[in-house]
Amino acid sequence: MSRASSHALKHPPVTAPSEPAGATPFPELAVGIERQRRRGRGAQSNQSGRFEAEARVAFDDGWQSLDDLPPFKTTVALDTSRKVITRNDSPDIGFDRSINPYRGCEHGCVYCFARPTHAFLGLSPGLDFESKLLAKPDAPELLEKELAAPGYEPRMIAIGTNTDPYQPIEREHKIMRGILEVLDRAGHPVGIVTKSALVTRDIDILQRMAKRNLAKVAISVTTLDAKLARTMEPRASTPPKRLEALRQLSAAGIPATVMVAPIIPALNDSEIERILDAAAHAGVKEASYVLLRLPLEVRDLFREWLMANYPDRYRHVFTLIRDMRGGRDYDSQWGTRMKGTGPMAWMIGRRFEIACEKLGLNKRRSKLTTDHFIKPKRNGQQLSLF
């Protein structure tokens, strides 16, 4: 008896969101995954990455054997990179180096701009991104080695700018905690971005570092609507837990920032003021926001999700997005990619600023220092006599 087959075709071109839903050059490429198989996940599909010569899709040959396919389970492989600090020269972000303890992210946020990076691994930016993960268990040792290099000059290291360092698998692997221990010993500044309340596990280290102006933490709160959060960010901490994490960090004297990110017009933009108010009551003193970004495969993944969950808002959301992106679905220009342009983007920016002013946010910005940095001793290095 025949089983479900895997059919290969040359990879189809990406369909523009302005085309009718479901219209593709290859109608047989039904890349959507049945709901039960992707339960608890953010993406609706698992289309091959943009670098693959072929796209493979399972199709039923009439025996209904697709029903036998197992649900997507989280698997973790080892990343054997020889360096852990990544450099960038982007002119519109406030750091030139970062660390990502993991590749892929189990949180499954459908809008995540890091999804396209999974295509470099030959995997899908869709469901593969949130279920086929890579961990860097040697990251603390590699970091210590890089910090000890003769030419290394300290500047703030950002962690969590691509994938979340406190995603669920961190509970078992504890790579992020190992990295913080290295930075604490070396007196090296770090800025952390996360959506997870797991960050409170490391308050003991972060508090020590914060006393020396070496650490700050930003937590992204996208919505206070539990249903929207679970649909859009299925395995991230709930909004109340994120607010509680902000409260605990602030109470411990760790500079905490609330990020209203991403702001999605006609979906969560109405919550800007409420999110800021809730964060201010949790003790937060700083806030920032980022407009929804839809680079590469993220555009189509977000479109699929929107059509599946909020079909009545689909056209309105994309019309507003294009109004803020110069008529396009995404504009990657330095300086405007985070905030957008046009009247709608201006209004969102003014609402954010007015709310921050009323709540007393952003009166002062926490600054980290490199004054305490001490190079780790390399193996075999002779100790100084003085």
Side-chain angles (χ1 to χ4, degrees), residues 1-9 11-12 14-15 17 21-24 26-52 54-77 102-112 114-135 163-164 167-169 171-172 195 226-238 296-311 314:
M1 183 168 64
S2 172
R3 302 293 293 170
S5 304
S6 179
H7 186 55
L9 293 173
H11 200 285
V14 175
T15 307
T24 68
F26 297 90
E28 64 269 42
L29 271 179
V31 294
I33 303 297
E34 195 271 332
R35 180 181 294 274
Q36 279 302 110
R37 288 194 63 214
R38 56 177 170 79
R39 185 176 180 181
R41 304 291 179 178
Q44 310 290 304
S45 64
N46 206 38
Q47 187 163 324
S48 301
R50 61 191 178 281
F51 299 116
E52 306 309 300
E54 294 180 333
R56 294 187 177 273
V57 58
F59 72 98
D60 203 314
D61 54 11
W63 294 98
Q64 288 77 47
S65 48
L66 280 179
D67 296 339
D68 299 333
L69 293 175
F72 280 78
K73 293 185 179 295
T74 299
T75 61
V76 183
Y102 304 99
R103 302 181 76 171
C105 186
E106 196 178 4
H107 282 164
C109 305
V110 69
Y111 53 71
C112 181
R115 284 182 176 272
T117 62
H118 239 45
F120 291 107
L121 304 175
L123 298 172
S124 172
L127 289 164
D128 281 350
F129 177 79
E130 49 194 285
S131 61
K132 293 183 179 180
L133 313 178
L134 283 83
T163 57
D164 202 310
Q167 59 181 286
I169 59 173
R171 293 184 184 277
E172 175 184 352
K195 286 187 178 73
K227 181 180 178 182
L228 176 59
R230 184 54 61 220
T231 306
M232 189 164 58
E233 309 162 330
R235 300 198 179 192
S237 295
T238 63
L296 301 170
E297 292 95 341
V298 183
R299 180 196 65 178
D300 295 314
L301 290 166
F302 179 74
R303 178 188 63 175
E304 291 170 357
W305 176 86
L306 198 58
M307 283 297 296
N309 294 281
Y310 298 94
Y314 167 74

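Source: prediction; values computed, not measured.
- Note: M232 CE to N309 CG = 10.0 Å, rounded to the nearest 0.5 Å.
- Counting only distance, with no hydrogens or angles, the side chain of E130 and the backbone of G42 share a donor-acceptor pair below 3.5 Å.
- Under the side chain to side chain contact (heavy atoms under 4.5 Å, CB included) criterion, A229 pairs with T223, E233, P239, not counting sequence neighbours.
- Of the options T163, V298, L296, a side chain to side chain contact (heavy atoms under 4.5 Å, CB included) to R115 is made by V298 and by none of the others.
- Looking at residues two or more places apart in sequence or on another chain, you find a side chain to side chain contact (heavy atoms under 4.5 Å, CB included) between T238 and R230, P240, K241.
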Test I169 against E106 for side chain to side chain contact (heavy atoms under 4.5 Å, CB included), laying out the working first.
CA-CA 8 Å; I169 59 173; E106 196 178 4; 3.6 Å; yes
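- Interatomic distance, L121 CG to F51 CZ, rounded to the nearest 0.5 Å: 10.5 Å.
- Side-chain atoms of R235 come within 3.5 Å of backbone atoms of G40 as a donor-acceptor pair (strictly under, hydrogens ignored).
- Rounded to the nearest 0.5 Å, atoms CD1 (I33) and CD (E304) are 10.0 Å apart.
- Salt-bridge annotation for E297 and R50: present, with a side-chain N of the basic residue lying under 4.0 Å from a carboxylate O of the acidic one.
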When you look at K195 and Q167, which way does the side chain to side chain contact (heavy atoms under 4.5 Å, CB included) test go after all the steps?
CA-CA 8 Å; K195 286 187 178 73; Q167 59 181 286; over 6 Å; no
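- Here the closest non-hydrogen pair linking P234 and C109 is CD-N, 4.4 Å.
- In this structure, C105 and L133 approach most closely via the heavy-atom pair N-CD2, 3.5 Å.
- Ring planes of F129 and H118: perpendicular class, angle over 60° (limits at 30 and 60°).
- In this structure, OG1 on T231 lies 5.0 Å from OH on Y310, to the nearest 0.5 angstrom.
- S124 contributes a side-chain N or O that, together with a main-chain N or O of Q47, makes up a donor-acceptor pair within less than 3.5 Å.
- The closest side-chain heavy-atom distance from R303 to Y314 is below 4.5 Å.
- Heavy-atom minimum distance, A119 versus G49: CB-CA, 4.0 Å.
- In this structure, N46 contributes its side chain and D128 its backbone to a donor-acceptor pair below 3.5 Å.
- Using a 4.5 Å heavy-atom threshold, the side chains of S45 and L301 count as touching.
- Residues L306 and Q44 are not in side-chain contact: their nearest non-hydrogen atoms beyond the backbone lie 4.5 Å or more apart.
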